[in-house]
Amino acid sequence: MTTTLDAPAPAAPQPRNRAAGRLTSLLKQRETGIAIAFVALLVVTTAVNPNFLFSTDGWRDLTLTPAILVCLAIGQAMVIVTRNVDLSVGSTLGLTAYLAGRLFLDTGLPVIVVVLIAVAAGAVLGLINGVLVAFAKVPALVITLGTLYIYRGIMLEWAGSDRINASDIPPGLLDFGTGSFLFIPNLAWISLALLAAAIYLMRSTRVGREFYAIGSDPAAATLYGLRDKRRVLQAFATSGALAGLAGILYVSRYGTISSGVGQGIELEAVGAAVVGGVAIFGGSGTVLGAALGAYLLTTINRALPVLGIPDFWQQAVVGALIIGAIVLDRYFARRQHDKLLAEREEA
Amino acid sequence: MPDTPAALELRDVAKSFGPVRALRTGSLRVEAGSIHALVGENGAGKSTLVKIVAGLYRRDAGDYLLAGEQVDFRNTADAKQAGVAVIYQEPTLFPDLSVTENIFMGRQPTNRWGKIDRAAMRTEVVELFARLGVPIEPDRPTEGLSIADQQLIEIAKALSLDAKVLIMDEPTAALSGNEVDRLMTVARTLRDQGCAVVFISHRFDEVFALCDTITVMRDGAYISTDPISAVTEDEIVQRLVGREVSNLYPKLEATVGKPMLEVKGLTRTGLFHDISLTVREGEIVGLAGLVGAGRSEVAQAIFGVDPYESGEVILDGRPVPPGEPRRAIEMGLAFVPEDRRQHGLVLDAPISRNITLPTSGRLARTGLISTGIENRSAADWAARLEVKAATLDTVAGTLSGGNQQKVVLAKWLSTQPKVLIIDEPTRGIDVGTKSEVHRLLSTLAQEGLAILMISSELPEVLGMADRVIVLSEGHQTAELSREEATPEAVMRAATAHHSTTLNVSEAS
Amino acid sequence: MSLLAEKVEPRTYAAHAKPWWQRTLMTRDAAIIALLVVVWTYASIVILNFSDPITVYFLVLDITPILLIALPMTLIIITGEIDLSVASVVGLSSVLFGVLHREGVPMVAAMVLALLACAVAGAFNGVLVTRFGLPSLAVTIGTMALFRGIAVGALGTTAITDWPDAWGDVVQARIGDSQIPLMTVPLVVLIVIFAVVLHFTPFGRGIFAAGLSKDAARFSGVNVDRTKLILFTLSGLVSGLAGIYFTLRYGSARGDNATGLELQVVAAVLLGGVSIFGGRGAIPGVIAGVVLIGTIGSALRLDGLSANIIQIITGVLLIAAVIAASVLGWTGRIVGTYRRHHSSEEPSSKQSPERKRSE
Amino acid sequence: MTSKFRRAGSAVAIVAALGLALSACGGGSDSGSDGEGGSDTSSITFIPKNLGNPYFDASDKGGKNAAKEIGTKWSQVGPTESTPDSQVSFINTATQQRAGALVVSANDPTAIGDALEEARNAGTKVVTMDSDTEPQFRDIFVSQADAAGIAKSQVELIAEQIGGKGEIAVLSAAANATNQNEWIKLMEEELTANHPDIKLVQTVYGDDDDQKSFDKTAGLLQSHPNLKGIISPTTVGIAAAARYLSDSQYKGKVALTGLGTPNQMREYIKDGTVKSFALWDPEQLGYLSAYAADALASGDIEGKEGDKFEAGDLGEYTVGADGVVVLGEPTVFDESNIDDFDF
């Protein structure tokens, strides 16, 4: 661009002290808040019972238990960012886990092939959601509520009362599911790797930024010429594939696949995303926040009994947390809004 | 035909939606390095034409040439790629994303791993903003920016595209004087750099001040193209309407009676301060001012859909409780809002439901209401206002702007109000219906209704109002009698400054 | 008479574009009712024992909680909101009722107190949605966990099962010698009340208007926030009622009563022709939707099919119902465009995609 | 509004077609309910707590075998989740079908009572097995073993494994499961009476959900660092607990016993996670229940104390007080005998 404009003298954007600015903005971020809450929870619980953190199993459970939910929460966050929601992930997880179990039982396919098949199957189930949402223009809530029933029904009908036991699963996979590397369980490594990839995707690629754009204002996305249908399909397919992978992780960790696998976990995934700062109407929030939300929710579940609160109250705490998170979000959004307005008045 | 191909040329472009022909013979020829005005009434087909140029619609017939080359865009991304940028009346930005991201969305610079080069983006934006003289922080979200700032971002976007054709669809509709000046400066600069600019506006003063050439459209068809110096405003108006327009403002004599609406010291921080006004029986009071002066906000606060911090509203001697439109309606206040599609009508509901919505409580004598009761009431009022529709279950959103406005008026007159507040009574409706609405307001005043009329059209204010109250930046700057209210006096009051913080760049 | 002077001849308008039978029969409601009739007839002929009157008895008892909750849910969805916490309120009501009963509070008093608490729970949703301007989907996902958690937490491991037989008998009583449960009477009364409120009162008009355009409704004097607050409270109250019913029918107050019921209710309401976008829907269609799901379940169970198939069919029906509207709407658009743009200037009576953020 | 007309018309057509298709596919699959209309005295319907539970798969198998021997029709239906309200629908359906007899494993002692009464009023005989309702709701309860015997054997197994003292915990199924609660109560009594050095520190509920039981086990071990043993008197629970222990630091240090099926537990017995556990043969339980049901349905017995009936290979059984029929003592499985069983 070689053009110049003789417009009124610019009051150039004031370059603030960037380092200080970064620090304050880091502190203001939702992810930081969740991380602090998580650490506080750890500290308190460990103080009550040192085993919570300082025992082999305590450490392992801390890092291992959230792995599956983290997978789902990452996918869920992507879908919610595009102003949709995927309620079918629990059923997808169940169906792919059973599919994997059956493949182990009925075919001699190598583990890696089965894993790929399960992930692909999850992606296809997600794609079905995506196609219905993008082309029939029906809200994702309704579509995925429908597929939640359908996928679960298919799994139950297919499984009948057959149950897949640990003895049917290749020992290699089971060992992998319970093993660790550098003191961190393998499954946790997988979920962390996925998280890193997802963060990269959402922050630094066009696909990710367009997810945000579509969720922020679908009409503007059309005017910008973004391929919104394709992006919605991609978001759902990714969520499905992650649910498929979560199915495999489930198999490798628990070894047993019964009819109830993954039932109700979709709401935990949505809850993790919401607690992690993903706005339910799209456009804002991060996968890191969702993953931290998943860590927080799972760890609370495990911490309550240690803290002497009967585990029956877990759900209530999770609910209160979700409400608290969205109320807090709204409060900060309002403050931010007022601040921006005030800045505008000043200018 | 000149030898050099025009930057943008459309020949007899047609577009139909089902059996409706929105555009029949859309033609436009814009040379590089010129600013071309495109004018026409609402429904003349301008927007359809723009959307075809932008790649949002695909034409059914005709030629679309860019620099002499036939083009056929499948989507807006293709058009952008070819150097066509469009700035819409309402900026379309992603509120959650940063200013920088908004400018580059969909075409961010990436490295070969697909990673977005944020630093490059930011550098370019800083440079663009420096050239435009825009003091906007590139990393802030666009949420909370004023319309004017958002429009500047749209312009920055167009600049970063290196657009050869820039279309501005009513960009000034929501801008204040300063902001319009700045926009015009930018447009001229772009022209001087060889860009072909298409400027769509209803404001003839701007068109005549800015443009080199003017094309008129009417009823989806091309009418004429002339150098701006070769035509007068009257000639253009005549072509727009297709006939002689007479007596646009049929002001009737009315007896002014007792005060019906008294507003005392109404204040809402940041929006309006200490507004006091009185409207009497049979009187039309004009509320004038630039866009953003706080006129609509005052009206909405009086009616109760918006809150206010202090002050009071008295209707026919009784105080109107704040924040309760339902009570205000019951007491005899009616309010025709500015944004008809958003606030005035339930677009997806039938005419009958729209007309009876504020009166449903009254119509339900036994506590119950039926479609029959609604239809009887609605038919009466629709007939009085001559709403053009075959049946009462026609969905309001399918009516023309003028007919929609009639439905809104029918709805409010059916409440038998004592005071009518009407915000932009004739925005976006055709000239014929315009004079009908004016005649109606005169008649109503003559029958004793107190009317508070907000309008951005100076002739309308001057032609209709008995008294004019002028707001500037939320402050009441003048109250002028019909005799005192000259265009100059009103404009002076409308641009009067109240706070020292706002006297910026008068030089521009 | 015309206000626009000069002209004298008043216009007249037909009330409707179509004759009454078309308006009645060619609707989503009629379609779903027709489907119900078809399924019922088919099942009666083909499936053994389905035509037995006792089918009706069990069917009514089974669908009562769904039907009850579907009524306020319909109104809420028409205003463009949703309440996913209903099933948890059922559990909460059941537990409160049980605990109060165990503590020796008289039955009626326990019932009233439980209902009050549920109304408060509903109002809590309502306040978060209207005062704080939070999306109801997120709010009620949160309260779904919260209320369920309180219910499960309060009663812990136990179920309260020592209910006076008389109360359970009332809930399961039949009218005379017929196979029609006595519960049908209050149910029908409630249905009529909700239908009248929604379709024949100014309040109902406000509900539709609020769902179609929140702003236009507000600018017409509809108190949208208050309307929603009332509806959420009502939803809590009716869900509480369903909880009492649940408790008495099964003679067991448990924290996990009616788990997952919210999805069935939403599915039935949407199947009954209520638009998830708000602004459209009718009580008769919803009733048909609820009964249809119940009937299909009953018929398939009688036919020896498992609960799984019933789940699949519920899902397929739900998706088919919502897609049918949009697919047919798409094919019908060409025809529709003519009407729509007949007298309009712009080819865009399409709604501007609403910005679902409340700032 | 022609479009609306058209739209509605087509909607009717499509949805109706869909409905037909669905009900047609429903009609196509008949599982044992065809035949003559009206009452069907010679059919037995099994309604387990939930489907997909290996324990009930085994008992269903026994029931099916018995029905084959008797020559009566047999079917099995049930909910996917073990909740009483979903069970009620299936009891109602059996009532509508005029089934000759129902064999139910109750998810709640009272919640399904009215539905069972309704069934009995319609002429259906009701047998509960494994988990009882209150006596007035059924004709006969086929008990796997008498509750005191089970509780005692569980306590003895754990006492033996932990050396007679220390902290133990119980991992149960649903908090409302009748039989579980009764056993736990009796275990507590047994502990107080005969093993004062063993302390039951906590009871947690895995809801017969695999993952939940697994996580609860983890929670138990963390909250109680001194835990010596876990009793899980439910098949899902013990398997999940064993799997958790098998690859944790507690393997071999924390004892586990309870009720489980040999197929589920074989691996853990072999790798030393579990020394011994007990169970009656659920297949025999189903087998006996089906015979009891048939005896009731055909009018041979009424379910009164002292009634006697033949139960095929298992020989003759006598109805005890309150209409209870006891299968026998549970079998204890350990490394020496586990390979002799396959269920």
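Lettering follows sequence order; numbering is per chain, from 1.
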Under 4.5 Å from any heavy atom of chain C, what part of [X] do you find: side chain, backbone, both or neither?
{"X": "A/Ile150", "answer": "both"}
{"X": "A/Val327", "answer": "both"}
{"X": "A/Val270", "answer": "side chain"}
{"X": "A/Leu148", "answer": "side chain"}

(message) Taking the side chain as everything from C-beta on, heavy atoms only, tell me whether C/Arg280 gets closer than 4.5 Å to C/Val274.
(response)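 In short, these two side chains do not touch, never coming nearer than 4.5 Å.
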(request) Could you verify whether a donor N or O on one side chain and an acceptor N or O on the other, from C/Asn125 and C/Thr140, lie under 3.5 Å apart? (result)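 The criterion, which ignores hydrogens and geometry beyond distance, is not satisfied for C/Thr140 and C/Asn125.
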(request) Classify the side-chain pair A/Asp86/A/Ser239 by whether it contains a donor and acceptor separated by less than 3.5 Å. (result)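 Yes, side-chain donor-acceptor contact under 3.5 Å.
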Where do [X] and [Y] come nearest, in terms of heavy atoms and distance?
{"X": "C/Glu262", "Y": "C/Val86", "value": "CB-CG2, 3.8 Å"}
{"X": "A/Ala121", "Y": "A/Leu99", "value": "CB-CD2, 3.6 Å"}
{"X": "C/Ser136", "Y": "C/Phe232", "value": "CB-CZ, 3.9 Å"}

Below 4.5 Å, heavy-atom pairs only: which of [options] has the largest tally toward chain C?
{"options": "A/Ile154, A/Val318, A/Ile326", "answer": "A/Ile326"}
{"options": "A/Ala320, A/Pro139, A/Gly324", "answer": "A/Pro139"}
{"options": "A/Thr147, A/Thr222, A/Ile143", "answer": "A/Ile143"}
{"options": "A/Val275, A/Val274, A/Leu267, A/Leu321", "answer": "A/Leu267"}

(message) For C/Leu263, which atoms come within 4.5 Å of any heavy atom of chain A: side chain, backbone, both, or neither?
(response)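 For C/Leu263, backbone and side chain are both near chain A.
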(request) Identify which part of C/Ile150 has an atom lying under 4.5 Å from any heavy atom of chain A, answering side chain, backbone, both or neither. (result)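 Both parts, backbone and side chain.
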(message) Using only atom types and a distance under 3.5 Å, with no angle test, would you say the side chain of A/Tyr151 pairs donor to acceptor with the backbone of A/Leu125?
(response)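 Between the backbone of A/Leu125 and the side chain of A/Tyr151 there is a qualifying donor-acceptor contact (under 3.5 Å).
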(message) As a quick check of understanding, evaluate salt bridge (Lys or Arg N to Asp or Glu O under 4.0 Å) for A/Arg83 and A/Asp228, giving each step before the final call.
(response) CA-CA 11 Å; A/Arg83 201 179 272 204; A/Asp228 48 354; over 6 Å; no
(message) Counting heavy-atom pairs closer than 4.5 Å to chain A, which one of C/Thr314, C/Leu146, C/Ile82 comes out on top?
(response)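 Top count of heavy-atom pairs under 4.5 Å with chain A: C/Leu146.
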